[in-house]
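Working notes, beginning with the structure itself.
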Amino acid sequence: MALRVFNDQDFVGKGSCAESGSYDPRRHPGPWPGTLIAATGRSQFEFLAALTEFTDIDWGLVEVFHLDEYVGLPATHPASFRKILLERLVNKAGIAKFHPLDGDASDLSEVIRKVGKALASAPVDIAFVGIGENGHLAFNDPPADFETEEPYLIVTLDEACRRQQVGEAWFSDISQVPKQAISMSIRQIMKAKEILAVVPDSRKAQAVKACLRARSVRWRLPQSCARTPTPTCISTGSLPVC
């Protein structure tokens, strides 16, 4: 696992792109097609903006899988991760193959089955993820399920996670934050050939520190899965992580 610390949030976004081996044009000359997992949330905005500026990627050949989504939230809501991905990555870059998680569908099990089946048949080259204030990876809040082999699962969001969403101004109060979400499982995320965690906010410093100090993968620290053999880079802002 590698750690990269940048001076400010804008540099985290641009620097994270350069640190991603699979997308570094210096290592992969010519257009790059591949399969990726993309995270959302306010902390990912600068990174997604920098990512879509890459001209060495043939975006028309890139396949994108959705990391997580709130249950019951329509795609028109500002906090919808589908809305964010469509506006800031998929439509902006011209990606034709996107597998959204329809969190307000009448049959969530069918959504999970359909996207999970597509994911199982498409080895992921790189997963772009974030780390939550409570240490969650995707919406796998602690204590996370490290055992399930299912690609996606429905999870219950803990209070710390829901309060983070209020703090980021997606919702005016905690009563408006959905209590459940569809989340990619820990084991599925770790199947990616490479993982890049982009964590630009100082409010997440303790979660990053816990990851770096973890001696092993622990279910109470979902972010500790970065300690596994999967090539991982954590890019942060100026955080007191040591």
Side-chain angles (χ1 to χ4, degrees), residues 13-14 16-25 28 30-70 73-77 79-105 108 110-131 137-140 150-153 181-198 230-233 235:
K14 294 178 181 178
S16 296
C17 287
E19 289 299 330
S20 172
S22 295
Y23 282 87
D24 189 338
H28 298 270
W32 187 93
T35 301
L36 63 87
I37 296 167
T40 51
R42 199 172 299 280
S43 63
Q44 304 298 310
F45 285 0
E46 288 78 9
F47 170 72
L48 292 176
L51 183 64
T52 55
E53 292 177 0
F54 267 161
T55 58
D56 294 75
I57 300 174
D58 189 340
W59 289 108
L61 299 177
V62 171
E63 185 173 7
V64 175
F65 283 91
H66 199 164
L67 188 65
D68 49 15
E69 180 60 285
Y70 296 105
L73 201 69
T76 54
H77 193 286
S80 166
F81 293 158
R82 283 168 290 168
K83 177 180 175 66
I84 293 172
L85 281 178
L86 284 168
E87 292 179 351
R88 294 180 177 270
L89 176 62
V90 177
N91 293 340
K92 187 177 179 181
I95 295 170
K97 202 165 187 180
F98 172 49
H99 302 273
L101 293 169
D102 187 358
D104 61 340
L108 294 179
E110 175 60 17
V111 172
I112 291 174
R113 186 201 66 78
K114 182 178 179 181
V115 181
K117 182 179 180 180
L119 181 58
S121 64
V124 174
D125 294 287
I126 188 163
F128 298 128
V129 302
I131 293 176
L137 191 64
F139 266 139
N140 297 289
E150 294 297 322
Y152 289 98
L153 62 158
I182 302 173
S183 179
M184 188 175 292
S185 67
I186 293 288
R187 283 185 177 268
Q188 182 63 53
I189 294 170
M190 298 313 297
K191 290 178 182 179
K193 298 175 184 176
E194 186 176 353
I195 296 174
L196 175 62
V198 182
T230 301
T232 306
C233 176
S235 295

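The analysis underlying the following values was restricted to heavy atoms, covering all of them including side chains, and did not include hydrogens, waters or symmetry mates. Residue numbers run from 1 in the order of the sequence given. This is a predicted model, so every value here is computed, not measured.
Here the CG-CD1 distance, from Leu137 to Ile186, works out to 4.5 Å after rounding to the nearest 0.5 Å. The OG1 atom of Thr52 sits 11.5 Å away from atom CG of Asn91, with the distance rounded to the nearest 0.5 Å. Here Leu108 contributes atom CG and Asp102 contributes atom CG; the two are 8.0 Å apart, rounded to the nearest 0.5 Å. The CZ atom of Phe47 sits 13.5 Å away from the CZ atom of Arg88 when rounded to the nearest 0.5 Å. Distance OG/Ser185 to CG/Asp68: 12.0 Å, rounded to 0.5 Å. Leu89 contributes atom CG, which lies 8.0 Å from atom CZ of Phe98 (distance to the nearest 0.5 angstrom).
Looking only at distances, a side-chain donor or acceptor of Arg82 sits under 3.5 Å from a matching main-chain atom of Leu101. For the pair Trp59 (side chain) and Phe54 (backbone), a donor-acceptor distance under 3.5 Å is present. Under a 3.5 Å cut-off, the side chain of Thr40 and the backbone N or O of Leu85 do not form any donor-acceptor pair. Side chain of Asp125 to backbone of Leu36: no donor-acceptor contact under 3.5 angstrom is found. Between the side chain of Glu194 and the backbone N or O of Ile126 there is no donor-acceptor pair closer than 3.5 Å.
In plain terms, the two heavy atoms of Gly130 and Ala39 that are nearest each other are N-CB, 4.0 Å. Looking at every heavy atom in both residues, Leu67 comes nearest to Ala138 through CG-CB, 3.7 Å. Residues Ser183 and Asn140 approach most closely at OG-ND2, 3.3 Å, considering heavy atoms. Here the shortest heavy-atom pairing between Leu119 and Met184 reads CD2-CE, 3.7 Å. Minimum interatomic distance between Ala127 and Ala192 (heavy atoms only, all atoms of both residues): CB-CB, 3.8 Å. Across every non-hydrogen atom of His66 and Tyr152, the tightest pair is O-OH, 2.7 Å.
The aromatic rings of His99 and Phe65 lie parallel to each other, with less than 30° between the two planes, well short of the 60° mark.
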Exercise. Would you sort out whether Val198 and Gln44 count as a side chain to side chain contact (heavy atoms under 4.5 Å, CB included), showing the intermediate values?
Key: CA-CA 7 Å; Val198 182; Gln44 304 298 310; 3.6 Å; yes
